[in-house]
Amino acid sequence: MKNRITGLRGERGWTQADLAQRAGVSRQTINAIETGKFDPSLPLAFRLAKLFDLRIEELFLDDQ
């Protein structure tokens, strides 16, 4: 699933490790989500969207 995490994270000056700590996951999980290798669970998707003050559908994009 495509997402806007990399750009939004960069705008805030956060590293993958920073975002991972805020979201309560590993840096590897953030990397896998950003590169599309892993789709987050719904609870994690909500946490990430909340961190960026967005709705889930604004953070995660339909790749079709």
Side-chain angles (χ1 to χ4, degrees):
M1 179 181 318
K2 293 182 182 181
N3 63 73
R4 300 174 48 207
I5 295 173
T6 304
L8 292 166
R9 181 176 57 74
E11 288 173 8
R12 287 160 177 77
W14 296 347
T15 65
Q16 287 181 342
D18 293 333
L19 179 56
Q21 183 177 21
R22 286 171 161 77
V25 297
S26 70
R27 185 203 57 78
Q28 291 84 355
T29 297
I30 297 299
N31 180 266
I33 294 169
E34 286 185 354
T35 58
K37 295 177 182 171
F38 174 75
D39 290 335
S41 65
L42 193 53
L44 177 54
F46 273 109
R47 282 199 310 272
L48 291 169
K50 186 174 182 177
L51 286 168
F52 291 112
D53 196 28
L54 297 171
R55 297 185 327 233
I56 287 179
E57 58 270 23
E58 294 173 312
L59 184 58
F60 295 94
L61 311 170
D62 184 7
D63 54 1
Q64 293 182 7

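Of all heavy-atom pairs between Phe60 and Ile33, the closest is CE2-CG2, 4.1 Å. Nearest heavy atom pair, residue Arg47 against residue Val25, reads NH2-CG1, 3.9 Å. Listed here is the closest heavy atom pair of Thr6 and Asn3: N-OD1, 4.3 Å.
Note that CG of Leu44 and CG of Asp39 are 10.5 Å apart. Values are rounded to the nearest 0.5 Å. The distance from atom CZ of Arg9 to atom CZ of Arg22, rounded to the nearest 0.5 Å, is 11.5 Å. Taken to the nearest 0.5 Å, the CG atom of Leu61 stands 12.5 Å off from the CD1 atom of Ile56.
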- prompt: Between Phe38 and Asn31, does a side-chain contact (heavy atoms from CB on, under 4.5 Å) hold up when you go through it step by step?
  reply: CA-CA 9 Å; Phe38 174 75; Asn31 180 266; over 6 Å; no
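The shortest side-chain heavy-atom distance between Leu19 and Leu48 falls under the 4.5 Å cut-off. Side-chain contact between Leu8 and Trp14 is absent, with no heavy atoms from C-beta onward closer than 4.5 Å.
In summary, of the residues considered (Glu57, Lys50, Glu58), a side chain to side chain contact (heavy atoms under 4.5 Å, CB included) with Leu54 occurs for Glu58 alone. A side-chain hydrogen bond (donor to acceptor under 3.5 Å, both in side chains) with Gln16 is found for exactly one of Arg27, Gln28, Gln21, namely Arg27.
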